[in-house]
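This report refers to the structure that appears directly beneath it.
The structure displayed is predicted, hence computed values, not measured ones. Chain letters run A, B, ... following the sequence lines, proteins first, then strands; residues in each count from 1.
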Amino acid sequence: MNAGELLSLCKRRGFVWPSFEIYGGVAGMYDFGPLGSALKDNIVAVWRDAYKRGEGFVEIDSPTVNPEAVFKASGHLDEFSDYVVQCRGCREPFRADHLVDGLHPNPDTLDAEALKGLMVENGIVCPDCQGELGEVEDFNLMFKTSIGPGSNRAGYLRPETAQGIFVNFPHLYRYNREKLPLGVIQHGRGYRNEISPRQGIIRLREFNMMEVELFVDPEDKSWPRFAAVADETLRLVPEDGSERELRLSQAVEEGVIANDVLAYFIWLTKGLLERMGVDGARLRFRQHLKDEMAHYAMDCWDAEVLLSYGWTEVVGIADRGCWDLSQHAAWSNEEMVHFKRFDEPREVERAALKANYRGLGPMFKGEAKEVARLIEQRSPDDVSDGVLTVEKDGVQLEVPDSLFEAVTVKEKVTGERVVPHVIEPSHGLDRIFYTVLEHAYRREEDYTVLALRPEMAPIKAGVFPLMARDGLDEKAQEVFAMLTEEGMEAFYDDSGSIGKRYARMDEVGTPWCVTVDYETLEEGRGLKGTVTVRDRDSSEQRRVAISELAATLKSLLKGADFAKI
RNA sequence: GCGACUGUAGUCUAGUGGUUAGGACCGGGGCUUCCCAAGCCUCUAACCCGGGUUCGAAUCCCGGCAGUCGCACCA
């Protein structure tokens with residue numbers, strides 16, 4: 001198939017539309033139409049079900065505009081704010097600050113103009129081909145804004161939802177009664193001012209993510225449910241480039257996947273994607289190469305699906321280590337730690353300094369108490385040649401050893417503080433959305449069917465009168481109202497021939513169609529009559545009593561076999 | 001951001017300087033039709049935007065926007 005056919009269907013039927021089309025459109029932005037919006041919600045619902053209900057994770061929702069500090073801490077500001085200059089000859093791009101290395105004490109602090117000036121002064125040319133260099137350009141892939149009136153406080157549209165979870169770690173940790181593991185999910189929009197959005201909905205400037213952050217004990221990356229799935233297999237492409245079908249237990253034992261918890265969530269991702277309708281035969285997990293990995297990641301696996309565009313990343317499952325929490329702790333001065341209680345409190349002997357108050361008093365008068373405190377913060381290792389140097393109000397004080405003594409203190413330690421490690425399965429919702437459609441797309445001759453899994457289908461049932469007359473239409477309206485009342489997404493249609501109506505529903509992935517015919521009327525009023533239920537994939541039909549219809553459709557939705565109803 | 005190609009109803013497309021801008025599908029209305037895009041009648045609906053050349057531009061030129069492909073980018 002080609003992507004154009006599917007994109008055309010998406011536009012015609014109301015799955016996705018290019019945004020702002022009446023004004024010429026904006027690259028990398030798409031609207032979800034009525035059916036697309038429903039499909040997107042269904043994907044989110046399955047993801048939420050798997051993590052929130054299935055794994056007991058908690059969900060939050062945080063702002064898309066974040067203050068600058070968040071991205072200073074996360075590293076995004078530095079990573080994204082490169083000044084780049086491109087060679088006019090060979091077109092190779094270079095980091096401008098790297099080209100002027102050594103010509104300025106701190107090239108990082110220069111702006112584009114200063115960098116350009118410095119390069120012109122020093123006659124810098126392309127390191128590769130000695131060609132002339134173009135203008136210095138700011139390559140900041142984050143959208144910048146300002147918070148509040150004036151432009152005092154810089155803000156950025158978040159490039160990922162993850163930071164909203166990390167900055168809330170202290171709240172979440174308390175919410176979880178100070179226990180690990182702690183799983184948190186968030187879905188929402190993210191923004192990256194991509195240089196060149198491509199391939200329809202695959203690379204967007206404003207996109208949807210479903211992110212999961214699992215905080216675990218850095219010394220314990222086991223997972224209680226791992227044993228239950230240890231014999232399941234995964235199609236893996238480790239960094240050596242080989243492709244292997246491995247059992248989870250094998251993969252961890254052989255060191256292909258770093259630990260149990262990472263392996264478990266790779267397995268969970270596989271099940272999740274297949275439940276959404278991703279074809280298992282077109283799904284694999286590829287390990288990031290060392291140089292491909294984000295600055296913070298310890299290990300990272302991408303779920304890749306085969307699309308008409310080629311293998312495409314849809315989920316990234318990374319072990320981010322302690323990077324995020326450590327960074328936010330350092331920049332915010334908040335503690336971002338887990339207090340890991342020992343099974344039994346431990347007696348620990350520690351070398352310490354004890355102040356000699358009797359000697360300090362006369363010498364330092366009113367400041368003696370403060371000096372004593374400074375002394376006791378230090379350890380015997382800090383003493384050299386019988387003198388301890390402490391700093392008080394910016395002044396160095398030399399304290400002779402007559403004013404303190406080295407002692408051994410016994411302390412009871414009930415636990416230790418550790419920075420949790422983060423396992424992050426991060427899902428590209430728009431890409432999954434596209435994959436679900438492409439993997440469901442079937443075309444024979446001129447007939448198109450979207451074989452969406454029923455759980456994904458925006459419309460669960462089409463409701464038709466066989467003829468739009470003789471009371472069949474009124475009866476069908478009743479059936480439609482009944483299904484709607486039961487909470488089913490149904491769609492009423494009485495135009496054109498019955499075949500045309502089936503075809504319309506097939507094209508948008510509706511799994512079942514209900515037809516009211518003359519037999520229905522003969523069988524009496526109320527719920528007594530029967531209707532035909534037609535299955536999209538087999539195009540077979542069964543007669544079902546109207547009184548049973550909602551229950552039957554619901555059981556089909558849960559996976560009942562159509563042939564057995 | 002660079003290069004090549006492209007932009008006509010909702011969709012697919014014909015039209016290479018003067019056309020009532022043609023067709024097909026879809027969609028709306030009607031007739032017909034007792035279960036898989038049948039048929040008939042009928043209707044709606046388009047030259048991406050802005051400049052220029054020309055008596056006259058969908059058509060030629062320039063710029064923008066958007067798309068496809070390649071290069072680069074993709075934390």
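If you take atom P in U42(B) and the same atom in C49(B), they sit 31 Å apart, rounded to whole Å. Between G15(B) and U6(B), the distance separating the two P atoms is 14 Å to the nearest Å. Between the P atoms of C12(B) and G67(B), the separation comes to 15 Å (whole Å). Spacing of C1' atoms, U19(B) relative to C62(B), comes out at 27 Å, to the nearest Å. Distance noted for atom C1' between C73(B) and C36(B): 49 Å (whole Å). C71(B) and A9(B): their C1' atoms are spaced 36 Å apart (whole Å). A distance of about 12 Å separates the C1' atoms of A21(B) and U59(B), rounded to the whole Å. The gap from the C1' atom of G70(B) to that of G28(B) amounts to 44 Å, rounded to the nearest Å.
Not a single donor-acceptor pair, N or O on each side, falls under 3.5 Å between the base of C34(B) and the side chain of Asp517(A). Applying the 3.5 Å distance criterion, the base of C35(B) shares a donor-acceptor pair with the side chain of Thr532(A).
Spacing between atom CD of Glu444(A) and atom P of A37(B) amounts to 14 Å, rounded to whole angstrom units. Across the protein-nucleic acid pair, Glu21(A) atom CD and C49(B) atom P stand 13 Å apart, rounded to whole Å. At whole-Å resolution of the value, NZ in Lys475(A) and P in C34(B) are 21 Å apart. One can place CD1 of Ile22(A) at 15 Å from P of A46(B), the figure rounded to the nearest angstrom. When the P atom of C26(B) is taken as reference, atom CZ of Arg504(A) falls 9 Å away, rounded to whole Å. Summarising the geometry, the separation between CZ on Arg13(A) and P on G10(B) is reported as 15 Å, rounded to the nearest angstrom. Remark: C1' of A75(B) and CZ of Phe207(A) are 11 Å apart, rounded to the nearest angstrom.
Nucleotides of RNA chain B nearest to Gly25(A) and Tyr309(A) differ in position, and the one nearer the 5' end is that of Gly25(A).
Scored by the ring-ring contact (aromatic ring centres under 6.0 Å, His included) test, Tyr191(A) finds no partners at all (sequence neighbours excluded).
The side chain of Pro159(A) approaches A75(B) more closely than any other nucleotide in the set A75(B), C35(B), U33(B). In this structure, the nucleotide among C34(B), U11(B), C36(B) sitting nearest to the side chain of Arg534(A) is C36(B). With distances taken from any side-chain atom of Leu466(A) to the nucleotides C35(B), A37(B), C36(B), the minimum falls on C35(B).
Applying the salt bridge (charged side-chain N to carboxylate O under 4.0 Å, His left out) test to residues at least two apart or on different chains, none of the pairs has a partner in residues 62-77 of chain A.
Considering Phe433(A), Phe15(A), Trp17(A) as possible partners of Phe32(A), the one that fulfils the ring-ring contact (aromatic ring centres under 6.0 Å, His included) test is Phe433(A).
Within residues 492-502 of chain A, the residues that have a heavy atom under 4.0 Å from RNA chain B are, in order of number, Ser497(A), Ile498(A), Gly499(A), Lys500(A), Tyr502(A).
Between Arg442(A) and Asp537(A), no side-chain nitrogen of the basic residue sits less than 4.0 Å from a carboxylate oxygen of the acidic one, so the salt-bridge criterion is not met. Taking 4.0 Å as the cut-off between side-chain N and carboxylate O, Glu478(A) and Lys475(A) count as a salt-bridged pair.
Using a 4.0 Å heavy-atom criterion, one finds that Ser8(A) contacts the sugar-phosphate atoms exclusively. Across all strands shown, Gln199(A) has heavy atoms under 4.0 Å from sugar-phosphate atoms exclusively, and none from any base. As judged by a 4.0 angstrom heavy-atom cut-off over every strand, Tyr447(A) is placed among the base-contacting residues.
Partner assigned to C31(B) is G39(B), using Watson-Crick or G-U wobble distances below 3.5 angstrom. Under the Watson-Crick or G-U wobble criterion, with both distances below 3.5 Å, U68(B) is paired with A4(B). Shown here, U19(B) forms no base pair; nothing in the strands shown gives a Watson-Crick or G-U wobble contact with both key distances under 3.5 Å.
Looking at Thr520(A), its side chain never comes within 3.5 Å of a backbone N or O of Val516(A) through a donor-acceptor pair.
Annotation: Tyr30(A) is not in aromatic contact with Tyr434(A) [ring centroid separation under 6.0 Å not met].
Judged by the 6.0 Å distance and 45° axis criteria, Arg286(A) is not positioned over the aromatic ring of Trp311(A).
Counted by atom type alone, Ser426(A) and Glu160(A) present zero donor-acceptor pairs between their side chains at under 3.5 Å.
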